[in-house]
Amino acid sequence: MPSFLVLAAKDLKLMLGLGLGLIQTVLLGLLIIFLFSLSLPIGETMTGQAAAALFWLASVFGLVLLFNALYHLEEPNNIRWGLLLAPVSPLSVFAGKALAGALLLFLAQMFFVVGLIVFLGQSLHGQWLWGLGLVLGVDIGLVILGSLLGALSQGQVARESLLSVILFPLLIPLLLGGVQLGGALLSGENLMDQSQWLILILAFNALFCAVALILFPLVFREG
Amino acid sequence: MEHGAGTLLELRAVSHFFGPRLVFRGIDLDLAPGEILLVIGPNGAGKSTLLHIMAGLLHPAAGSAYCRLEPGEIGYLGHGTFVYPLLTALENLSFWGRLYGLRPARETILALLDRVGLKAAALERAGTFSRGMAQRLSLARVLLINPKLLLLDEPATGLDTASRRLLDQEIVRAGERGAGVVWTSHDGLRDRRMADRLLVLEDKRAAFLGPVEDYDGWSGHA
């Protein structure tokens, strides 16, 4: 089994088996969606774009929680040094964390979608496959940055705030694309008419994937 | 730069600082396969720092550290046990084994745990272990990967008499199978009998480097 899969399997075993990170992520996301639903006058529904913004807001907060928890797994007993001494490329650590984080985030987002439908009265208008593709496309960018910046903030006392402060501004272009396309999806519009946002998301993913491949080995070694 | 063919590790004029504080300066050292080097010195002399440099975990502030080995051929046993507290002892060894490409069978891992006296605790989470048990689990991890260079940073910390005896045996066995061993200790008087060479770190430098029997400063370490 490739080493990044060994690492991802270990992380998932710990996070899912012990309920680390995922439960808090789901609860926080649902709480955000529920609280915003209370702002709506009775009988009114939120616009698709606002609902999509809430979905990605919940996802980004979840991302911070998940990657803090994922990198915290290597903090006790200098385990990070053990990984550095193992015959494993730092990029395998990056890929393992990103994969585990992606699966956990996607699981949490399934609950957020239910939250959008139940609390905000939203509908995907039968465009489930487009919705799935959009979530996966944006998630790739989210976990690339989450994995890179999670390594940067590991071991820091104020890691939650550090990760949030660096992560959120960098994610703006990706979230803009996600909100625009998500809004279109929830409003029943055709996503192909919004191809410029799709291109923005793909370009973001490609750019930050390249950045992460260059920076992660340095960040993880010096972290 | 040319490197000696018969050495595992070469340090040349290695110096290190933590911020403005000089830890040590001008360390020159070669380590051959099968050689056991004991490193002693007072607290803060830089023993652990030197091992971190040897392992490649730290870059020296000045000088060069060259290791001839491939990634995964260095075993490290020290204050950080590399033990996942939320995994069981069995899961810990299974994880590290697979990460090193070994895919160890459950029976192999159980036999190793038996060797370090942890078989009865194989299915317990390592986070519930005492310091000595965690150190023994860490020793089992090192035995599993069978390294060509063994770096031991005060490895006897928390170990009981039986475990220390086991550790001694493994150090000698590692030397016999051709692995280099570098070993820091606070108990040089006891441990010197197993070492081939001695490095004494004192006054921010290598105060002595040579065969153990040539060192006559043991009275200061009693």
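So you know, we letter chains A, B, ... as the sequences are listed, proteins then strands, and number each from 1.
Counting only heavy atoms from C-beta outward, the side chains of B/R125 and A/L18 approach each other to under 4.5 Å.
If you measure heavy-atom distances from A/L85 to chain B, the contacts under 4.5 Å come from both the backbone and the side chain. Interface residue A/V6: backbone and side-chain heavy atoms are both found under 4.5 Å from chain B. For a residue to count as touching a neighbouring chain, one of its non-hydrogen atoms must lie under 4.5 Å from one of that chain's; by this rule B/H79 does not touch chain A.
In terms of modelled atom types and a separation under 3.5 Å, the side chain of A/N77 and the main chain of B/V83 share a donor-acceptor contact.
To the nearest 0.5 angstrom, A/L84 atom CG is 8.5 Å from B/F82 atom CZ. The CG atom of B/L57 sits 8.5 Å away from atom CZ of A/R80, with the distance rounded to the nearest 0.5 Å. Note that CD1 of A/I79 is 5.0 Å distant from OH of B/Y84, once rounded to the nearest 0.5 Å.
Across A/V88, A/L7, A/N78, the residue that shares the most heavy-atom pairs under 4.5 angstrom with chain B is A/N78. The residue among B/I145, B/I74, B/L87, B/L58 with the most heavy atom pairs within less than 4.5 Å of chain A is B/L87.
Open room surrounds CG on A/L129; 12 or fewer heavy atoms of other groups in view lie less than 6.0 Å from it. For NZ of A/K10, the number of neighbouring non-hydrogen atoms (other residues, nucleotides, ligands) closer than 6.0 Å is greater than 12. Other residues, nucleotides and ligands place more than 12 heavy atoms under 6.0 Å from the CZ atom of A/F168.
In plain terms, the two heavy atoms of A/P87 and B/G72 that are nearest each other are CD-CA, 3.6 Å.
Of the charged side-chain nitrogens involved, at least one lies within less than 4.0 Å of a carboxylate oxygen, so that B/E91 and A/K13 count as a salt-bridged pair.
The side-chain contact (heavy atoms from CB on, under 4.5 Å) search around A/A98 returns A/V143, A/S147, not counting sequence neighbours.
At a heavy-atom cut-off of under 4.5 Å, chain A is reached by B/F95, B/W96, B/R98, B/L99, B/Y100 from residues 95-123 of chain B, listed in order of number.
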